[in-house]
Amino acid sequence: MLKTHTCGQLRTEHTGQRVTLAGWVNRRREHGGLIFIDLRDRWGITQVVVDANASPKSHAVMGDVRSEYVLQVEGVVKAREPENINPKVATGEIEIHVDKVTILNPAKTPPLEISGEHEVNEEVRMRYRYLDLRRPRMQRNMMMRYEALRFIRNYLGDRGFVEIETPILFKSTPEGARDYLVPSRVHPGKFYALPQSPQQLKQLLMVAGYERYFQVARCFRDEDQRGDRQPEFTQLDIEMSFVEREDILQLLEELVTGMVETVSDKRLARKPFPRLSCAEAQERFGTDRPDLRFGLELKDVSDIAGRSQFKVFTTTIEAGNKVRALVAPGCAAYSRKEIGELEEIVKNAGAKGLAVIAVEADGTARSSIAKFFEDDLMAELITATGAQPGDLILIVADQLQIVNEALSTLRGEFGTRLKLTNPEEMCFCWIIDFPLFVWNAEENRWDPSHHMFTSPKPEDIHLLDTDPGAAYCQQYDLVCNGYEVAGGSIRIHDRIIQEKIFSLIGLDIEQARERFGHILEAFEYGAPPHGGIAPGIDRLVMLMAGEPNIREVIAFPKSQRAADLMADAPSTVESYQLEELHIKLADNIEQ
RNA sequence: GCAGACGUGGUGUAACGGCUAACAUACCGGACUGUCAAUCCGGAGAUCGCAGGUUCGAGUCCUGCCGUCUGCGCCA
């Protein structure tokens, strides 16, 4: 080793020892005959002192040293005088008096400051990701990510799980997200697909008798980016045999609780995790991934609104749609401009408009729609929403789905505006009891509400023939602070039911057998009842690290347009490579 | 695919359509033996993302393109 200790290791108890350190120059402070260097490695920062009198040679070498030079220094650990102690650094009570300095490698001035406080443009960070990763924020995030994975592997290993790798080159399947395709050289005109998740493979591992499987699995989806979505991301894929929903929920809840408490400094807001049915979540929060760090629940005022003289409300109710409300506490004094902003939000969500009622100090209403309400009815409305004097009532009337979408977005907005989203808290909840299907009006067929391997509730299986829309499934999602962080289900292990689901979602038997023949066949060779769940590692680590974007917890992420700005991928390839793959580019594409 | 924001020395920002494009920091040189965001003195560094256009005059206004970000569509 080129070092005897790390830069975060030495304390006063090492005083007098001769040590060798190696690392990067974090900062340099020169005082003529005396030079201080903060030497940095992964473990910390240690102050190195070079004295021109004590060691003229090393002083001369150190004179040429600049930021981010890679150094090896040899010297003696000395306790600092009390007035020189730096309490901000773990090693601040000692320093190394150096008599030998070796420049292992010089460094150009970096395009972004490693030790500085400056915010740096995202483009520069990605272009020089290896330098960005040197910075404390990214070092901390990468360490936390590894600690999380270590916790997970130990936890599951201790409970009899086995980690099994599944192929990256696999098969394209219909439905779901767009696949990343890999052309086959050996099979002209045929393609592998990168897995969107190891879903089928983990179920086949259950058929194969492994009973408790997990994998830290890379998944690929060729869809456009969001703050919490990258084209490749990491799932903790878990599958178990002979389990019921409760077994999976308990396992994962324990795992997540332990992981957060071990590797993160965030506080778990609620233990055990509350459970909400999908319907209840929609009713109370307008979404199936609510941020439960704060209240601001939605209230249905359809009945009251229907008795008003306000045409917009009455026609909405007559059409069988809904009028629902959100109360923004203390916002009665909102200006026209601020209300315009809120209006913009609901319109983006598809709503036609936003009705607002300000509750005055005396409890009366100030609103452009007040004239359509008898005083008693208005009082009833205010009571129903639970609004207090000084509050602002926000009302949207539309189809239930649009109302919920609009109000849940508004709710999120007020969570932020009113500082109700404590960044030090993680508030997990389970969402359960999802419908098995959602109706796809465009294609005139049922779509699986999650995926096509999710088992219906046993008591609802008979509905598949009569009323598929009424059937519920054994799906469960784990939600934290408004993010879906895990999803799973008890699976179908019966060929007949699986084929029935395929047909209900519009796959004809031929297609189903071509695409899923292997799994249908496997179900006939003794498939055990099984189920699982797949937490998104990137999202969980993002939340534990308090970061706003999963890029911050991925070492080499892609840009919004799915490019690697450092390596400049994707890139063109040599024409012989295309020939080998039997690929001809379209005429309008330049090679 | 759509919408919005942004793009100015290495980095982060500023500049009413008008003077030599300013400030901070980093960088380079000099001084300095107890600093820890060292300090002090001096210096260099910008084809204002690219291409057009409007104008007596464009970093600034307009159009197109490129890139980054945020959101929508998309994401079983």
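Here is the naming used below: chain letters follow the sequence lines, and residue numbers restart at 1 for every chain. This structure is a prediction, so every number in the text was calculated from the model and none was measured.
- Taking atom P on both B:rC40 and B:rC48, the two are 33 Å apart, rounded to the nearest angstrom.
- In this entry the distance linking CD of A:E405 with C1' of B:rG73 reads 12 Å, nearest Å.
- Side-chain contact, A:N86 with A:Q47: no donor N or O sits under 3.5 Å from an acceptor N or O.
- Pairing for B:rA22 goes to B:rU13, judged as Watson-Crick or G-U wobble with the two contacts each under 3.5 Å.
- Looking at the side chain of A:R66, the nearest of the listed nucleotides B:rC75, B:rG29, B:rC27 is B:rG29.
- A:E83 has its CD atom 11 Å from the P atom of B:rG34, to the nearest Å.
- No side-chain donor-acceptor contact under 3.5 Å links A:Q282 and A:D288.
- When distances run from any side-chain atom of A:P111 to the nucleotides B:rC75, B:rG10, B:rC69, the shortest one goes to B:rG10.
- Comparing A:E113 and A:L565 against RNA chain B, the residue whose closest nucleotide sits nearer the 5' end is A:E113.
- Between the P atom of B:rC36 and the NE2 atom of A:H97 lies a distance of 16 Å, rounded to the nearest Å.
- Contact annotation for A:H59: no contact, since no heavy-atom pair falls under 4.0 Å across all strands.
- Contact check, A:R551 against B:rU70: a side-chain N or O comes under 4.0 Å of OP1 or OP2.
- Whole-Å rounding puts the A:I37 CD1 to B:rG34 C1' distance at 15 Å.
- Annotation: B:rG17 and B:rG71 have their P atoms spaced 31 Å apart (nearest Å).
- Using a 4.0 Å heavy-atom distance criterion, A:R226 is classed as a base contact.
- For A:E30 and B:rU35, a side-chain-to-base donor-acceptor distance below 3.5 Å is absent, hydrogens and geometry of angles not being considered.
- No engagement by A:G92 is indicated, since no non-hydrogen atom pair under 4.0 Å with the nucleic acid exists.
- Rounded to the nearest Å, the gap between the C1' atom of B:rU54 and that of B:rG43 is 40 Å.
- Judged by distance alone, the side chains of A:T166 and A:Q215 do bring a donor and an acceptor atom under 3.5 Å apart.
- Remark: the A:R125 side chain and the B:rC69 base include no donor-acceptor N/O pair separated by less than 3.5 Å.
- What separates CD1 of A:I96 from P of B:rG34 is a distance of 20 Å, to the nearest Å.
- With rounding to whole Å, A:E119 atom CD is found 13 Å from B:rC69 atom C1'.
- The side chain of A:N549 lies closest to B:rU70 when the candidates are B:rU70, B:rA38, B:rG73.
- At a threshold of 4.0 angstrom between heavy atoms, the contacts of A:R27 are confined to the sugar-phosphate backbone, with no base atom among them.
- Of all nucleotides present, only B:rC28 satisfies the Watson-Crick or G-U wobble test against B:rG42, with each distance under 3.5 Å.
- In this structure, A:N53 places its CG atom 12 Å from P of B:rG34, rounding to the nearest Å.
- Using a 4.0 Å heavy-atom criterion, one finds that A:I45 contacts no nucleic acid atom at all.
- At a threshold of 4.0 angstrom between heavy atoms, the contacts of A:S67 are confined to the sugar-phosphate backbone, with no base atom among them.
- Outside the 6.0 Å centre-distance limit, the rings of A:Y472 and A:F434 are not counted as a close aromatic pair.
- Annotation: B:rU11 and B:rG49 have their P atoms spaced 13 Å apart (nearest Å).
- The base of B:rG7 lies outside donor-acceptor range of the side chain of A:N121, with no N or O pair under 3.5 Å.
- Searching all strands for a Watson-Crick or G-U wobble partner of B:rG7 with both distances below 3.5 Å returns B:rC66.
- Across all strands shown, B:rG1 forms a Watson-Crick or G-U wobble pair with B:rC72, both key distances being under 3.5 Å.
- A:N348 comes within 4.0 angstrom of no nucleic acid atom, judged by non-hydrogen atoms across all strands.
- Put simply, the side chain of A:E95 and the base of B:rG34 share a donor and an acceptor less than 3.5 Å apart.
- Partner assigned to B:rU47 is none, using Watson-Crick or G-U wobble distances below 3.5 angstrom.
- Here the separation of B:rG59 from B:rG1, taken at their C1' atoms, is 32 Å to the nearest Å.
- A:D447 comes within 4.0 angstrom of nothing in the nucleic acid, heavy atoms only.
- Between the side chain of A:R80 and the backbone N or O of A:G92, at least one donor-acceptor pair lies under 3.5 Å.
- Just one residue in the list A:Q203, A:H493, A:R491 forms a side chain to side chain donor-acceptor pair (under 3.5 Å) with A:H530, and that residue is A:Q203.
- By the criterion of a centre-to-centre distance under 5.5 Å and near-parallel planes under 30°, the ring of A:H31 forms a stack with the base of B:rA38.
- Between the P atom of B:rU33 and the CD atom of A:Q47 lies a distance of 17 Å, rounded to the nearest Å.
- When the nucleotides B:rC75, B:rU35, B:rU68 are ranked by their closest atom to the side chain of A:F36, B:rU35 comes out on top.
- Judged by distance alone with a 3.5 Å cut-off, a donor-acceptor contact links the side chain of A:R229 to the base of B:rC74.
- The aromatic ring centroids of A:F453 and A:F516 lie less than 6.0 Å from each other.
- Ionic pairing of A:R289 and A:D477 is not present here: no N-O contact between side-chain nitrogen and carboxylate oxygen is shorter than 4.0 angstrom.
- Comparing B:rA24 with B:rA14, their P atoms sit 15 Å apart, to the nearest whole Å.
- The residue A:Q560 sits close to a base: some heavy atom pair falls under 4.0 Å.
- Nucleotides B:rA58 and B:rG53 have their C1' atoms positioned 11 Å apart, rounded to a whole Å.
- As rounded to the nearest Å, B:rA46 and B:rG9 have P atoms that lie 10 Å from one another.
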